[in-house]
Number of protein chains: 2
Amino acid sequence: MNSLDPQSNVTLKDVAAAAGVSLATVDRVINGRPGVSDKTARKVNSAIERLNFQPLAAAAELARSRPSRFAVLLPGGDNRFMKDIADHIRAQAPWFRARRITADILETNVFDADTLATELASLAGRYEGVAVVALDHPRVRAAIDDLVAGGTAVVTLVSDVPSSRRAHYVGIDNIAAGRTAGSLIGRFLGGRTGRVGIVTGSAALRDHAERLFGFGQVMAEEYPAVTLLPPVEGRDDPQQNRALVTRLLTDTPDLVALYNTGEGAAGIGVALADAGAARRILCVGHELTPDSRRLLLDGTFAALVAQDPGHEARSMARVLRALVSGRPIVPGQEHIRVEVILRDNLP
Amino acid sequence: MNSLDPQSNVTLKDVAAAAGVSLATVDRVINGRPGVSDKTARKVNSAIERLNFQPLAAAAELARSRPSRFAVLLPGGDNRFMKDIADHIRAQAPWFRARRITADILETNVFDADTLATELASLAGRYEGVAVVALDHPRVRAAIDDLVAGGTAVVTLVSDVPSSRRAHYVGIDNIAAGRTAGSLIGRFLGGRTGRVGIVTGSAALRDHAERLFGFGQVMAEEYPAVTLLPPVEGRDDPQQNRALVTRLLTDTPDLVALYNTGEGAAGIGVALADAGAARRILCVGHELTPDSRRLLLDGTFAALVAQDPGHEARSMARVLRALVSGRPIVPGQEHIRVEVILRDNLP
DNA sequence: CAATTTTTGAGTTGCGCACATCAAATTTCT
DNA sequence: AGAAATTTGATGTGCGCAACTCAAAAATTG
């Protein structure tokens with residue numbers, strides 16, 4: 001038998017007794033208050049180690065009881081994936097409430113660096129924690145760094161700004177996601193040759209760009225017999241995507257596959273259906289939405305590479321809380337997976 | 001702007017005032033204590049609704065403060081996946097400790113219904129919550145039902161006993177997992193025909209049997225040109241698997257793919273390497289272990305269908321806690337996904 | 001109507017910790 | 001040495017709720 005945590009009734013009082021000091025001193029050490037000599041601090045810390053003291057989360061929370069304020073900055077517009085994230089954050093309401101956290105979901109134009117940077121700057125001092133779907137741009141990076149310098153915990157969401165001082169990135173490795181899409185297309189083609197069309201939202205978005213990069217990497221390395229067409233930009237808009245794919249289909253007789261790095265799968269579905277090519281062209285896209293789900297079920301898309309917006313919403317909340325209240329982050333738990341969704345493992 | 005939880009300082013006192021009753025009465029209603037008339041109970045409940053009262057988790061926990069005891073019954077032996085789960089449960093120690101939960105990890109022979117049933121019966125009264133990797137057998141089901149009848153919260157882990165009264169199943173849909181493996185093999189074969197070998201642990205295990213079922217379903221429906229060989233049982237043992245696969249390779253000239261429903265991938269890898277067929281035969285297996293990871297990286301396996309043991313360990317803990325302390329379960333969060341792992345999206 | 005039962009109020013205690021305050025002890029400086 | 005600064009102790013309060021007890025009020029009964 002393997003007993004976890006046999007007897008952990010170790011309280012601050014026990015620590016104080018073991019260290020031969022008063023409760024007040026233990027409190028000073030633990031909460032980093034001034035006025036403790038190094039010697040006593042060491043005594044206390046060693047007692048904590050020795051007794052394996054672990055503060056009771058409930059009591060600490062209750063006693064602290066100053067509510068934390070979080071802000072989540074999401075792109076406006078009608079991006080379905082972002083709406084899903086927002087919904088999952090709202091679904092967390094009980095979790096937030098029980099922890100005395102208020103979360104404001106703010107919409108903004110994340111595609112404009114100035115707007116985003118200004119918006120970020122306006123949050124300083126008003127929030128303890130900020131999550132942002134960020135554009136990777138020097139001005140945005142500076143705004144993030146300023147927030148961090150001001151004592152605000154900042155995490156990036158879905159799209160990262162690696163060079164900034166953000167404490168954490170909640171999202172997937174988009175290069176790996178692109179590689180995964182590439183491997184799926186390469187494998188599914190099973191030796192067939194021809195051209196592969198690429199529909200992307202915008203090359204200016206870091207996540208899309210990284211997916212393209214990973215995709216190109218794998219195709220070049222593993223499937224050199226397949227030719228990649230230059231990416232066409234549809235801004236994640238179904239109408240534009242439809243027009244672009246229709247043109248691809250007429251211009252490219254030997255088109256064998258399509259890779260969509262972003263949203264707007266519905267437009268691709270319509271274009272393929274119109275051309276009667278729905279199940280002849282191999283399609284792989286990203287993110288699970290009502291549209292992409294439908295196209296996966298009817299066989300238009302062979303697979304989706306996705307990230308779980310619910311997991312991201314919860315991970316964001318946990319990480320921000322951990323950051324502002326100085327508690328540990330369970331490793332592994334916050335790793336967002338690159339998921340492969342076929343018709344058969346649809347959640 | 002979308003503010004979550006604008007001002008939720010609603011406490012029991014507020015509810016009492018709003019309902020025009022005393023704190024004691026509110027407490028009686030909320031905690032189901034006797035001695036409250038229907039009329040007052042309704043008044044209180046409506047006040048709770050109206051004010052959107054949500055008990056502060058921390059305070060409730062602190063006040064309750066009777067430690068909960070959980071038991072986790074895992075199969076003994078050297079199953080790597082089970083060891084991973086155990087490790088992830090141990091990694092939860094701080095989480096458990098902070099919530100005054102003690103968890104005992106018990107090993108037993110889950111393959112023997114009598115042993116397992118006896119073991120389960122012995123837990124009655126000693127634990128508030130039990131998680132068990134269960135064999136689907138009438139005697140085991142009866143033991144689970146007895147535990148539940150005695151007031152113990154029971155969840156099944158990894159392998160379910162659907163007909164029992166367990167409150168929850170923490171694990172994947174194994175039929176979907178088998179279907180996913182089937183689709184991967186079918187797609188990856190890309191029109192090639194031939195025979196597919198199946199290596200299974202034991203047909204007596206519900207999870208393996210369900211995977212076989214799902215796999216067979218997809219292959220029959222979607223890829224009728226491919227012939228499935230009868231499954232061979234290797235008991236998840238690398239040695240046996242090696243021998244079985246070696247025989248398959250010599251006996252079946254037109255073997256094009258292998259499906260392993262369980263563990264022991266290492267044995268398959270050795271057999272394939274010995275026969276020089278490592279990257280010629282398409283292999284799909286289950287679960288991510290050091291062995292399967294290696295074989296995925298070196299190209300022997302094309303894909304793995306997996307479940308996240310860390311997620312399962314955490315989900316089990318959350319669900320048990322929710323069950324014993326009557327708190328809500330966040331839907332979605334406890335759904336264990338059927339993951340597809342390629343070389344490119346290895347975690 | 002009185003006697004009983006049921007329902008409600010009022011209050012206390014404690015969970016373990018954070019965060020004060022004030023006084024006492026100790027060390028450091030002049 | 002005395003004065004000043006630093007370090008420590010003692011003690012209290014409150015966070016919001018659970019879980020009691022005991023008495024008072026109301027409703028039900030004979």
Side-chain angles (χ1 to χ4, degrees), chain A residues 5 7-45 47-48 51-68 94 97-101 324-327, chain B residues 5 7-45 47-48 51-68 94 97-101 324-327:
Chain A
D5 190 18
Q7 208 63 272
S8 168
N9 290 329
V10 185
T11 72
L12 278 183
K13 218 192 309 190
D14 302 321
V15 174
V21 300
S22 75
L23 269 169
T25 302
V26 176
D27 175 64
R28 291 182 181 110
V29 172
I30 287 186
N31 294 303
R33 290 181 234 284
V36 182
S37 68
D38 283 5
K39 206 179 62 179
T40 8
R42 269 196 305 274
K43 273 200 305 187
V44 172
N45 283 320
I48 289 176
L51 301 183
N52 189 20
F53 168 76
Q54 203 78 18
L56 187 61
E61 230 155 76
L62 183 57
R64 195 168 298 111
S65 84
R66 56 171 140 80
S68 309
R97 183 158 36 221
R99 284 159 186 76
R100 285 281 183 273
I101 297 171
V324 303
S325 63
R327 63 185 71 212
Chain B
D5 189 18
Q7 209 61 274
S8 169
N9 289 331
V10 184
T11 71
L12 279 182
K13 217 191 308 189
D14 302 322
V15 173
V21 300
S22 74
L23 268 169
T25 303
V26 177
D27 176 63
R28 290 181 180 110
V29 173
I30 287 185
N31 294 301
R33 293 181 231 285
V36 181
S37 69
D38 283 4
K39 204 180 61 180
T40 11
R42 268 196 304 275
K43 273 199 303 187
V44 172
N45 282 321
I48 289 176
L51 302 183
N52 189 20
F53 168 76
Q54 203 78 18
L56 187 61
E61 227 157 78
L62 183 58
R64 196 171 296 110
S65 86
R66 55 171 138 80
S68 309
R97 184 159 35 220
R99 284 159 186 77
R100 286 282 182 272
I101 297 171
V324 303
S325 62
R327 65 184 72 213

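Convention: sequence-line order gives letters A, B, ...; per-chain numbering from 1. We use all heavy atoms of the structure for the numbers below, so side chains are in, but hydrogens, waters and symmetry mates are not.
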Between the protein and nucleotides 24-29 of chain C, list the N/O to N/O atom pairs that are separated by less than 3.5 angstrom.
none

When the rotation axes relating C1' atoms of four end pairs to the next four are compared across the helix from C:dC1-D:dG30 to C:dT30-D:dA1, five pairs an end, they differ to 10° by 30°

| task | Walk me through it: do A:L12 and A:I30 pass the test side-chain contact (heavy atoms from CB on, under 4.5 Å)? | result | CA-CA 10 Å; A:L12 278 183; A:I30 287 186; 3.4 Å; yes

The correct set of residues in residues 12-23 of chain A placing a heavy atom under 4.0 Å from DNA chain C is A:L12

note: B:L56, atom CG; C:dG16, atom C1'; distance rounded to Å ~ 14 Å

Side chains of A:L62 and B:L56 in contact at under 4.5 Å (non-hydrogen atoms):
yes

In terms of heavy-atom contacts, A:A16 and A:L23 come closest through CB-N, 4.0 Å

Those residues at least two apart in sequence (or on a different chain) that pass side chain to side chain contact (heavy atoms under 4.5 Å, CB included) with B:A47 are B:V15, B:A18, B:A19, B:R50

note: B:F53, atom CZ; D:dG16, atom P; distance rounded to Å ~ 11 Å

Those residues at least two apart in sequence (or on a different chain) that pass side chain to side chain contact (heavy atoms under 4.5 Å, CB included) with A:A24 are A:S22, A:R28

Atom pairs under 3.5 Å: protein N/O with N/O of nucleotides 19-23 of chain C:
unit_1	atom_1	unit_2	atom_2	d
C:dC19	OP1	A:R66	NH2	3.2
C:dC19	OP2	A:R33	NH1	3.4
C:dC19	OP2	A:R33	NH2	3.4

The complete set of salt bridge (Lys or Arg N to Asp or Glu O under 4.0 Å) pairs with one or both residues in residues 9-23 of chain A, sequence neighbours excluded, reads none

In this structure, CG of A:D38 is separated from NZ of A:K43 (nearest 0.5 Å) by 13.0 Å

Atom NZ of A:K43 and atom C1' of D:dT7 are separated, to the nearest Å, by 12 Å

Winner on side-chain proximity to A:T25, out of C:dC17, C:dT8, D:dT8, is D:dT8

Sorted by chain and number, sequence neighbours left out, salt bridge (Lys or Arg N to Asp or Glu O under 4.0 Å) with A:R33 holds for A:D27

Verdict with supporting geometry, A:N45 and A:V29, side-chain contact (heavy atoms from CB on, under 4.5 Å):
CA-CA 8 Å; A:N45 283 320; A:V29 172; 3.8 Å; yes

message: If you compare every side-chain N and O of A:S37 against the phosphate oxygens of D:dT6 (OP1, OP2), does one of them come in below 4.0 Å?
response: no

Reading nucleotides 24-30 of chain D from 5' to 3' and marking B where a protein heavy atom lies under 4.0 Å of the base, S where only the sugar-phosphate is that close, and - otherwise, the string is -------

